[in-house]
Amino acid sequence: MVKLFIDGQQVEAEEGQSILEVARKLRIHIPTLCFYRAISPYGGCRVCLVEITDDRGSRLVTSCSYPVAEGMYVRTTSERVLNARKVIVDLLLARCPEVKKIQELATELGLGAPDPEYREDHDCILCGLCTRVCVELMGVGAIGFHGRGAKRKVTTPYEEISDICIRCGACAFVCPTGARVLELEHITGRKPVPLLSEFDEGLRSRPSIYIPFPQAVPNKPVIDKDNCVRLQMGKCGACQFFCEAEAIDYDMKDEFRDLKVGAIILATGFKAFDANRIFRLGYGRYPNVYTSLQIERMVNSSGPTGGEIKLRDGRQPRSVGIVHCVGSRDDKTNSYCSRVCCMYSLKLAHLIKERTGAEIYNFYIDMRTPGKGYEKFYEKLMRENVHFVRGNVAEVTDWAMTAEEEGRLVIRAEDTLLGVVRRIPVDMVVLSIGMEPQSDSKDVRQKFNVSCGDEGWFLERHPKLAPVSTFTDGIFIAGTCQGPKDIPDTVAQAGAAAAEVMALIDKGHVDLEPNSAYIMDELCSGCKTCIPLCPFKALSFNAEKGISAINEALCKGCGTCVASCPSGALQQNLFNDEQIYEEIKGVLIYV
Amino acid sequence: MSENMSKAKPYEPRVVAFFCNWCTYTAADLAGTSRITYSPNARIVRLMCSGRLDPQFIFAAFRMGADGVLIGGCRPGDCHYQEGNYKALRRFILLRRLLEDMGIEKERIRLEWISASEGEKVKKVMDDMIAGLRKLGPLHLNDDTVLELDESSKNAIDELQAEFQGGVR
Amino acid sequence: MSKPKVGFYWCASCGGCEEAIVDLAEDILAVVDAVDICFWPVALDFKREDVEKMKDGEMAVGFVNGAIRTSEQREMAMLMRKKSGVLIAFGSCSHLGGIPGLANLHDRKTIFDKVYFSSPTVANKEKTTPQPEVHKGDHNLKLPVFWDTVKSLSQVVEVDYYLPGCAPPVSLIKNALKAILEGNLPEKGSVLAPDIALCNTCPRKDTKPENLLLKEFKRPHWAMIDSATCLLAQGILCLGASTRSGCEAACISANMPCTGCLGPTGKIRDFGAKALSAIASTVDSINDEEITLKLDQIVDPVGTFYRYSLPSSFLHRRKSNLSRGGGSE
């Protein structure tokens, strides 16, 4: 431990710590430009200069790189320091007059505009943060300093397109000035594709370590292991460096646990219809065609735009078209109605109208508003002057036929109430996408022995009498995996499924199938033919008695073993051989 | 005998359909509630699973006058009892060869995977099979082996009973 | 008191069942002591008229072996039925139809064509075939009618008991004779052998794995068969699980698989169908093509599963477009 004085305060510090580190712990403000905790200090910008006095006298040193020493006396705002700082910032301002960060520093120090005679127009202050991050933190070293003196700049070797840049964007992230030279396109020759936030429907990007969404449970960040530089290449590790709780463990692996349970509820949800599948509606081709889920995020105050409705270029739309039944009620995609889209389309129409005052057009086949207050809501929207066009949208195009349509998207639809085909120019198109079963629903349901209907939704035991049970005892379903439905219905089903499970647990006994199989011991020769045939392991061989035995509790009553038994020792209650022969006789005997 | 009876009526194929409870029988039920019409020639015998189907039943059906046998089970992977339909498939593959060697045309026995929501498929399969059987004609298994029973004193039911019970010991 | 009368007759048979009686060895002397054999064409000189002259039921027990496929055999079967108090179907042929039953895959025409015309060692330019009736001068010669279909004994007359096996094992014959002499026969219609499958008494039972799924089917002459392990586990198609026991696993002890000659157990109505089910159900695959490939290794399904029991199966015979000629069948 080392004792020193900073601005008159006596402090204790560890050996090897820099003055800046110690000062920051004491919340003493020293400005920096080229400092970043996760990499080695450079002392290049000189903005962090402080005056130290030790046995060698007083001098100015860069606090970011100078280590503390016993008995050192540090002054962070002495006249000498402030004068030096002013000169440095002035010089920086002269080099980069348009850079916001430098302007802020200048204002802080009371400096005016730079002398026009010395004014240059750079945006890079040669702080070296980008080069150091690239080589030290990311282990790549795609960029470095090139040249000397006034011609010094940051660039790739020989100013050629880099082969080794990993497009992590760390250089742009740490740059204090937002230098144009760090546009990744210039370094790699390829347009970088940001990691898009799944929760925000691709409307904003996210880092490799992120909290998926505000209501995530647990509300902790996760690491995207396919894109994390540390996990993929063994470098970086900045997040662990900065985490004061030391909560980050890169060696964590997926854990597989076996749980013994007596009942299972499948609530595996739905998949949103992929609007790319309908080419003529322009999703993925025109930037201002959105899906309803994207608008949901936009409208949300914690979303990518803070709740403002904006086009891709930041303008507010003056007119919006909302297209119902995208991927629903359509023989070419899904012929069923997804149930929730009309209501959410009305909701979005209302919210967009409220926030932007734009002209809203809803294109619908039928307006489906069952439920409490739903019809009233529809009427309210009509009173708010939302336009409703009854007709399927044929296409969304940017091909203008009149001056009014120039630069806008045109929705072409037949208005079946008016009996004409209309072209309605809008700024933004919202596609009300439907619901589909999850892409892995077949694998999931086969694992649990659940069948599905012809649309792929999990099949309930009976649509009226047992809507949350399946044909397999103990397995229940709830929510949209059983079929499209809204939140109130989902919650009701979830409660119903939970109640069924509790009833099952409370009962304390399980009802057995009456049509179970049984073995006539005296006829069983112990040939063991039946044993491997039972998927429920109800059959076992009793080596002592030399015959097979059935566990009645496990037998589901399929009769497969009965048909295979070579000597007829296995029979099935209610479906005995004799009974079936009589049935066959009965159905054929009368011509 | 049955020949006289069949002379009196035009030939209508008689099919015994062994349907599994969970998928095929439900599909047939669905066909019913959806008012889908199809040839009424099949008589359905319900089993819990297509795996219950003993080949003895198929032979018995032919012996008792069926012109065709239809077996319906769940789709592979969807069997309510996991694997019963696979066992039915295995038996069917060997059975089909044996029946061919016994001179019974392969159109007379058919295995179909029909899931619970495929009411339309029930119609399609039934109509298709019956049409095929019409072309093939009756099986007439009884004619070849019935002994000279006193025809005038026994009716068709008794004959079949005697035939049937005089089987294997 | 006179000894009970006993008669034997053979229909479409190989003679093995007659030899089975002889196989009683010394014990046959006890039999001869206890009963009066009054009809046995293979061994004794009694004639048909001798039987015709008997009173109905005069023979306490009649043993008929062989299947029925000519009009003469039927006549004799009916005669034996008339004159016997108890009629016993002796051996697989009379019990189930036996190996001659496999002729049900053909009919009279195809058999005659082969035997009298197309067989490679036959020269029959005049196309001569046996005729049921021929007049030569003032002689009227008759031959029994050769039917299209082979039948088991019970398909022709009412049978009281069945002694199964090809030929019936000596122990079963002894037990049956003992029961007859002691007046201790079970209920009418029974098979005089234990009602349980062969695996029960098979010496290799313990070596059969509990979870045996079949991967292949080898014909016996294509494999080096281990003499201690379960044959099915070695890929040899053994029908012991479907077949009645009573033979003390004779074939297995000779390192050959069971072919099903004692017929099915009591609950089974069609031997071949059930045996097929048992074998096919345990094939180790769930894929259509794979299953077919494996099962194609069973070379002759009818010959394998219905070797002794084709006439007694539900189907009886191969369907053919017979004209009603060649006898009533």
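Letters A, B, ... are given to chains in the order of the sequence lines, protein chains preceding strands, and every chain is numbered from 1.
- Neither the backbone nor the side chain of B/C74 comes within contact range of chain A; no heavy atom of the residue lies under 4.5 Å from a heavy atom of that chain.
- Listed options B/E83, B/E118, B/K87 were ranked by heavy-atom pairs under 4.5 angstrom with chain A; first place goes to B/K87.
- Of the N and O atoms on the side chains of A/E578 and A/N576, not one donor lies less than 3.5 Å from an acceptor on the other residue.
- Proximity to chain B is limited to the side chain of A/N515, based on heavy atoms less than 4.5 angstrom apart.
- Residue contact with chain A, scored on non-hydrogen atoms closer than 4.5 Å, is absent for B/E12.
- If you measure heavy-atom distances from A/L533 to chain B, the contacts under 4.5 Å come from both the backbone and the side chain.
- For B/R46, the parts sitting under 4.5 Å from any heavy atom of chain A are the backbone and the side chain alike.
- B/V45 touches chain A through backbone and side chain together, each having a heavy atom under 4.5 Å away.
- Just one residue in the list A/T333, A/I433, A/V326 forms a side chain to side chain contact (heavy atoms under 4.5 Å, CB included) with A/R277, and that residue is A/T333.
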Exercise for the section: Could you go through the salt bridge (charged side-chain N to carboxylate O under 4.0 Å, His left out) check for B/E112 and B/K124 one step at a time? Expected result: CA-CA 11 Å; B/E112 285 290 340; B/K124 213 156 113 330; over 6 Å; no
Expected list for residues 462-479 of chain A: side-chain donor-acceptor pairs under 3.5 angstrom, two or more places apart:
unit_1	atom_1	unit_2	atom_2	d
A/H462	ND1	A/K464	N	3.0
A/H462	ND1	A/L465	N	3.0
A/T470	OG1	A/T472	N	3.3
A/T470	OG1	A/T472	O	3.1
A/T470	OG1	A/I475	O	2.8
A/T472	OG1	A/N449	O	2.7
A/D473	OD1	A/R461	NH2	3.0

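- Remark: the backbone N or O of A/M435 is paired with a side-chain donor or acceptor of A/S338 at under 3.5 angstrom.
- Residues A/N334 and A/E436 bring a donor and an acceptor atom of their side chains to less than 3.5 Å of each other.
- Looking at B/A66, the atoms closer than 4.5 Å to chain A (heavy atoms on both sides) sit in the backbone and in the side chain alike.
- When heavy atoms are compared at a cutoff of 4.5 Å, B/Y86 does not approach chain A at all.
- Within the 4.5 Å cutoff, the side chain of B/I71 has no heavy atoms near those of the B/R91 side chain.
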